[in-house]
Participant: 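Submitted below is the structure of interest, expressed as structure tokens.
Predicted model only: the values in this text are computed from it and were never measured. First listed ligand is number 1; within each ligand, the first listed atom is number 1.
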Amino acid sequence: MLRVKPRARVVLHDAKAADTHGWHKRGAEDALEHNKKRLEQLQYTLYAEGVESLLVVLQAMDTAGKDSTIRNVMTAFNPQGCTVHAFKVPNDAERQYDYLWRAHLRVPPRGSIAVFNRSYYEDVLVVRVEKLVGATIWKRRYRHINEFERLLTDCNTRIVKICLHISKDEQKERLEARLEDPAKHWKWDAADLEKRKQWRDYMQAYEAMLARCSTAHAPWYVVPSDRKWFRNFAVSQILVHELESLSPQLPASSVDPEHYRIF
Ligand code: ADP
């Protein structure tokens, strides 16, 4: 339902950000807990099998809740088999390579899960809106990205891309809450206000990304995120669905318990 069909035209209306698809808070919270247990089992089997891996890409406007989704949902995973990487403005070393290099370094090995908190999609989002490179350069990146994701998929990495969609009004409330709470001041970044001024340009860049890069092999999901409880539940549901469709299996046992005695 939240999955973007290949080449579908997506319009990120503010109204859609508050959609809860008929769910109520209590039911969604219970379902989240149930899904987290299932995710734990699925990761265990994925790890034991050691054949496929899962890459979860999170993108969103500021305050939509990338960090808190990781804290509330991805904590279902055993840290032994899961990494999280937050992509920032490329540093000097990273700038010496192509823009996909730093992401490729961090893709999950077999049996593991990697979560990208922001990703190479920044190279068609902030880079496009802030005009950090010319249009001819960012326009060809959609193709690079689709091909990069095809390569990863062909090599046993399942890619799940999740765009947390909040409305401009909800962002205002969350920014105000940050200002009012000294414990949240460390998160305050005046640059977020500049991005907010370019809201429409960012929405256009997101819409282009969704239309161009939601493919059969690496789909985008748009998760309404004005309600935090719905966001967490929906992300957990997507992850359960994607991991179940990988259908990981425990390796066949070659151990005969009768053969051993433990003293
Ligand atoms: P976050 O907002 O994700 O919690 P930060 O406040 O450290 O974390 O922001 C990271 C910043 O890095 C964001 O503004 C993001 O747009 C920027 N960024 C990430 N990747 C790139 C990139 N490839 N080029 C330019 N800026 C980038």
Participant: Note the single closest protein heavy atom to atom 12 (O) of ligand 1, along with its residue, its atom name and the distance in Å.
Facilitator: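 Residue, atom and distance for the closest contact: V89 N, 3.2 Å.
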
Participant: Okay, side chain of N146, backbone of R212: is any donor-acceptor separation there less than 3.5 Å?
Facilitator: yes

Participant: For atom 15 (C) of ligand 1, which protein heavy atom lies nearest, and how many Å away is it?
Facilitator: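 Closest protein heavy atom to atom 15 (C) of ligand 1: E122 OE1, 3.6 Å.
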
Participant: Which bit of K88 is near ligand 1, meaning a heavy atom under 4.0 Å away: side chain, backbone, both or neither?
Facilitator: both

Participant: Between R141 and Y99, is NZ or CZ placed under 6.0 angstrom from the six-membered ring centre and within 45° of the ring axis?
Facilitator: yes

Participant: Under 4.0 Å from ligand 1, counting heavy atoms only, is it the side chain of K187, its backbone, both or neither?
Facilitator: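 The answer is neither.
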
Participant: Quick test: of every protein heavy atom, which one is nearest to atom 2 (O) of ligand 1, and how far off is it to 0.1 Å?
Facilitator: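 Answer for atom 2 (O) of ligand 1: R118 NH2, 2.8 Å.
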
Participant: Against heavy atoms of D62, which atoms of ligand 1 measure under 4.0 Å?
Facilitator: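 Answer, ordered by atom number: 2 (O).
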
Participant: Which residue and atom name correspond to the protein heavy atom nearest atom 4 (O) of ligand 1, and how close is it?
Facilitator: D67 OD2, 4.2 Å

Participant: Hey, does D189 come in under 3.5 Å of ligand 1, counting only N/O atoms on both sides?
Facilitator: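 No, D189 has no N/O under 3.5 Å of an N/O on ligand 1.
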
Participant: Rounded to the nearest 0.5 Å, how far does CG of L58 lie from CZ of R118?
Facilitator: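 Here the rounded value is 10.5 Å.
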
Participant: Just let me know how V127 lines up against ligand 1, side chain, backbone, both or neither, with a heavy-atom cut-off below 4.0 Å.
Facilitator: side chain

Participant: Can you list the atoms of ligand 1 that are under 4.0 Å from a heavy atom of K66?
Facilitator: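 Every atom of ligand 1 under 4.0 Å from some heavy atom of K66: 3 (O).
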
Participant: Indicate if V126 and W199 have the same hydrophobic cluster label, given that clusters are the connected sets of ILVMFWY residues with side-chain heavy-atom separations under 4.5 angstrom.
Facilitator: yes

Participant: Between R3 and E242, is a salt bridge (Lys or Arg N to Asp or Glu O under 4.0 Å) present by the stated rule, with each step listed?
Facilitator: CA-CA 11 Å; R3 186 174 171 143; E242 290 284 349; 3.7 Å; yes

Participant: Is the H21 to F230 ring centre distance short of 6.0 Å?
Facilitator: yes

Participant: For ligand 1, is any non-hydrogen atom under 4.0 Å from A86's backbone (N, CA, C, O), its side chain (CB onward), both, or neither?
Facilitator: neither

Participant: Answer yes if the ring centres of F87 and F116 are under 6.0 angstrom apart, and no otherwise.
Facilitator: yes

Participant: Given the side-chain rings of Y121 and W220, with only the six-membered ring counted for Trp, is the space between their centroids under 6.0 Å?
Facilitator: yes

Participant: Report yes or no: do R110 and T157 form a side-chain donor-acceptor pair below 3.5 Å?
Facilitator: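 Absent: no donor and acceptor within the cut-off.
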
Participant: Quick check: does P90 get an N/O under 3.5 Å from an N/O on ligand 1?
Facilitator: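 P90 vs ligand 1: no N/O contact under 3.5 Å.
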
Participant: In ligand 1, which numbered atoms sit nearer than 4.0 Å to a non-hydrogen atom of R102?
Facilitator: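 Close to R102: 20 (N), 21 (C), 22 (C), 23 (N).
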
Participant: Using a 4.0 Å heavy-atom cut-off, say whether V126 meets ligand 1 through its side chain, its backbone, both or neither.
Facilitator: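 It is the side chain that gets close, since no backbone atom is under 4.0 Å.
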
Participant: Check Q198, K197, R196 against E194 for a side chain to side chain donor-acceptor pair (under 3.5 Å) and give me the one that passes.
Facilitator: K197

Participant: What do you reckon, does N117 have a nitrogen or oxygen under 3.5 Å from a nitrogen or oxygen of ligand 1?
Facilitator: no

Participant: Using a strict 4.0 Å cut-off to heavy atoms of D123, name the atoms of ligand 1 that fall inside it.
Facilitator: 23 (N)

Participant: Examine the side chains of E149 and T215 and answer whether a donor and an acceptor come within less than 3.5 Å of each other.
Facilitator: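 No.
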
Participant: Looking at atom 14 (O) of ligand 1, what's its closest protein heavy atom, distance included?
Facilitator: K195 NZ, 2.6 Å

